[in-house]
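Here's the structure, in structure tokens; my notes come after.
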Amino acid sequence: MLKERARVINFTVFLLDLGLVALAFLVAYWLRSLVLPVVAPELFPGQLYPLGEYLPLLPVVLALWGILLVGSGQYRSHRTVPLLEEAWSVLKVSATGLVVFTLMLYALRWDEQILENDRVSRAWLLLFGAATCVFLLAEKLTLRTISRYVRSRGFNYRTLLIVGGGPAARAIVRTVDRHAYWGFQILGIVKVRDEDRAIGGYPILGRIDDMDRVLEENVVDDVVFAVGRNELGKMEELFLVLEERGIRTMLALNFFPHTQAQVQLSDIDGIPFLTFSTGPSNPVLLLVKRSLDVVLAALLLALSFPVVLTVGLAIKASSKGSVLFRQTRCGLNGRRFTLYKFRTMVEDAEHRREEVLHLNEMDGPVFKARHDPRITRLGRFLRKFSLDEIPQLWNVLRGDMSLVGPRPPIPEEVAQYEAWQRRRLSMKPGLTCLWQINGRNQVNFRSWMELDLEYIDSWSLSLDLKILVKTIPVVLLGRGAS
């Protein structure tokens with residue numbers, strides 16, 4: 001019942017969010033078309049095209065923002081979510097939506113098809129992005145203010161019963177006490193062991209054997225189990241009692257306190273699982289990432305066709321061997337795939353590797369040499385401006401790689417990794433990542449690995465877009481390339 005009510009509330013808030021996005025769409029049109037020409041006629045001399053010509057964009061906007069809002073984790077209980085965290089989430093959704101929508105308009109030339117070979121107003125786009133952000137932030141603040149007021153008046157609160165008296169139980173009590181506005185009231189502690197004592201002034205209401213009496217004497221909404229994994233096996237009967245009474249049960253998942261993996265609850269055919277994930281696992285956001293990969297890679301391949309043709313002819317004319325260089329690399333979780341690059345070395349470079357190992361300028365199990373004699377004159381130019389990596393856009397389209405992600409290593413390098421370094425394989429490799437925009441070959445191997453793990457741990461769509469934007473000047477200026 002509680003889950004169904006939460007779903008109804010979350011769906012209602014989702015519809016309200018989409019309604020505000022649609023309102024921002026219309027308000028931005030009204031401001032640009034009717035207000036700005038009056039306030040600043042020099043900058044905005046005329047009105048926009050009729051609203052009817054902009055409306056075909058609205059379903060695209062609602063679909064895009066709907067995906068981003070759901071993927072951002074907005075629709076869950078916000079009793080325990082800090083306001084700044086919720087505001088930052090709204091800002092990321094608004095910024096990401098605006099950037100992606102703008103790319104869809106101008107890169108795919110949708111605006112010219114909709115507005116009869118004209119362009120969508122850039123001022124309208126900026127106004128729409130700002131209005132969306134302001135409306136959603138105002139909505140979240142209003143909902144939060146109303147919820148806190150209602151709870152402060154003694155409504156919409158939930159009573160908690162803590163089972164256990166160890167460090168986990170004390171941490172839970174301290175956290176709830178610091179956040180009274182969450183709307184939780186702690187009734188007391190139920191002892192599991194003889195040494196368990198009262199916590200934070202809350203009384204001991206009994207032992208595990210007394211649970212029936214405790215439940216009869218108190219109004220209990222939630223029971224929080226803060227017990228060790230060795231004690232959990234003794235709690236099955238108590239779980240069944242609480243389930244029979246319809247009382248919600250929560251389990252503190254601190255069985256492995258030193259792990260950094262994200263813990264998620266899932267099920268397979270009704271069998272519950274606790275999933276420990278060390279990489280991004282939100283399917284909606286990963287789908288958006290993959291969609292962006294396909295769209296942008298296809299667009300970049302099409303735009304770079306003249307460059308591909310020119311480089312291919314230049315390689316063929318300047319040295320013996322094939323135009324493309326193929327090499328086995330390790331992808332997601334060690335999957336092997338064939339990576340494609342423009343050939344930048346002499347034809348027998350792989351067979352001469354042993355001859356140049358003394359030139360290696362990198363520590364760790366990688367080989368990088370600025371003065372590698374196997375590199376052709378044309379190859380040095382291609383490498384400096386990363387033109388040799390254009391064929392990897394085909395790897396992106398195939399799904400072997402992403403536009404942004406840790407660079408794919410060769411199997412021989414992976415075989416020499418330390419255990420902690422293998423975690424960089426937990427995300428699909430990419431054309432660019434934090435390493436590329438932080439010095440590339442000027443960064444030592446350990447720092448390179450740490451940057452990749454930092455990317456995996458802090459991944460978001462906005463981070464991908466930021467890396468892509470910062471990669472452009474790095475490539476154009478040839479910074480850090482060998």
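The shortest heavy-atom contact between P391 and L324 is CG-CD2, 3.7 Å. Between D222 and F184, the shortest heavy-atom contact is OD2-CE2, 4.0 Å. In terms of heavy-atom proximity, S402 sits nearest to D293 at OG-OD2, 2.7 Å. A pairwise comparison of heavy atoms in G405 and C433 identifies O-CB, 3.2 Å as the closest pair. Closest approach of I199 and A169 over heavy atoms only: CD1-CB, 3.9 Å. Between G188 and L161, the shortest heavy-atom distance links the atoms O-CD1, 3.8 Å.
Remark: L463 engages Y455, S458, S460, I467 in a side-chain contact (heavy atoms from CB on, under 4.5 Å) (not counting sequence neighbours). Every residue meeting the side-chain contact (heavy atoms from CB on, under 4.5 Å) condition with S94, not counting sequence neighbours, appears here in chain and number order: V90, T132, C133, L136.
The shortest distance between side-chain heavy atoms of W420 and M449 falls below 4.5 Å. At a threshold of 4.5 Å between non-hydrogen side-chain atoms, the residues Q436 and L451 do not count as touching. Residues R422 and V414 form a side-chain contact, since some pair of their non-hydrogen atoms from C-beta on lies under 4.5 Å apart. In this structure the side chain of F342 reaches within 4.5 angstrom of the side chain of V323, judged on heavy atoms. No side-chain heavy atom of L339 sits under 4.5 Å from any side-chain heavy atom of D400. Looking at heavy atoms from C-beta onward, I315 lies in side-chain contact with L382 at the 4.5 angstrom threshold. Taking 4.5 Å as the limit, some side-chain heavy atom of L215 sits within range of a side-chain heavy atom of L242. V294 places a side-chain heavy atom less than 4.5 Å from the side chain of R290.
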>> Pair F128, R32 - check side chain to side chain contact (heavy atoms under 4.5 Å, CB included), show working.
In response: CA-CA 10 Å; F128 167 60; R32 170 59 188 87; over 6 Å; no

>> Show, in sequence, the C-alpha distance, side-chain angles and deciding distance for L91 and W88, and conclude whether the side chain to side chain contact (heavy atoms under 4.5 Å, CB included) test is met.
In response: CA-CA 5 Å; L91 287 171; W88 177 239; 4.1 Å; yes

>> Determine whether V176 and L160 satisfy the following criterion, side chain to side chain contact (heavy atoms under 4.5 Å, CB included), listing intermediate values before the conclusion.
In response: CA-CA 10 Å; V176 173; L160 293 181; 4.1 Å; yes

>> Let's go through L461 and V99 carefully: what are the C-alpha distance in whole Å and the side-chain angles of both, what is the deciding distance for side chain to side chain contact (heavy atoms under 4.5 Å, CB included) to 0.1 Å, and is it a yes or a no?
In response: CA-CA 11 Å; L461 291 174; V99 171; over 6 Å; no

>> What verdict does the ring-ring contact (aromatic ring centres under 6.0 Å, His included) test give for F135 and W65, after you've listed the backbone C-alpha separation in whole Å, the side-chain angles of each residue and the deciding distance to 0.1 Å?
In response: CA-CA 13 Å; F135 288 177; W65 257 262; over 10 Å; no

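Between the side chain of K470 and the backbone N or O of L434 there is no donor-acceptor pair closer than 3.5 Å. Under a 3.5 Å cut-off, the side chain of T96 and the backbone N or O of V93 do not form any donor-acceptor pair. Side-chain N or O atoms of T159 include one that pairs as donor or acceptor with a backbone N or O of D221 at under 3.5 Å. Between the Y340 side chain and the W394 main chain, no donor and acceptor come within less than 3.5 Å of each other. Side chain of N395 to backbone of T338: a donor-acceptor contact under 3.5 angstrom is found.
Taken from CG in L68 to CG in L98, the straight-line distance is 11.0 Å, to the nearest 0.5 Å. We find the CE-CD1 distance between M427 and I456 to be 7.0 Å, quoted to the nearest 0.5 Å. Atoms CZ and OH, on R424 and Y417 in that order, are 4.0 Å from each other to the nearest 0.5 Å. Note: T471 OG1 to L431 CG = 9.5 Å, rounded to the nearest 0.5 Å. To the nearest 0.5 Å, the span separating CD1 on I172 from CD1 on I186 amounts to 8.5 Å. From L57, atom CG reaches atom CZ of F25 across 5.0 Å, with rounding to the nearest 0.5 Å.
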Contacts table for residues 326-336: side-chain donor-acceptor under 3.5 angstrom, sequence neighbours left out:
from: Q327; atom 1: OE1; to: R329; atom 2: NE; distance (Å): 2.8
from: Q327; atom 1: OE1; to: R329; atom 2: NH2; distance (Å): 2.9
from: R329; atom 1: NH1; to: P408; atom 2: O; distance (Å): 2.6
from: R335; atom 1: NH1; to: L332; atom 2: O; distance (Å): 3.1

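Ring geometry, F225 versus F239: the interplanar angle falls under 30°, so the pair is classed parallel (tilted spans 30 to 60°). Between F445 and W448, the ring planes lie perpendicular to each other; the angle is over 60°, past the 30° to 60° tilted range.
For W124, the CH2 atom counts as densely surrounded, since its 6.0 Å shell holds more than 12 non-hydrogen atoms of other residues, nucleotides or ligands. The environment of K466 atom NZ is sparse: at most 12 non-hydrogen atoms of other residues, nucleotides or ligands sit within 6.0 angstrom. Applying the 6.0 Å contact sphere to CZ of F381 captures no more than 12 heavy atoms from other residues, nucleotides or ligands.
Each of V404, L403, V474 was checked for a side-chain contact (heavy atoms from CB on, under 4.5 Å) with T432, and the lone residue meeting it is V404. Just one of K289, K92, K428 meets the salt bridge (Lys or Arg N to Asp or Glu O under 4.0 Å) condition when paired with D464; it is K289.
E413 has no carboxylate O lying under 4.0 Å from a charged side-chain N of R407, or vice versa, which leaves the two without a salt bridge.
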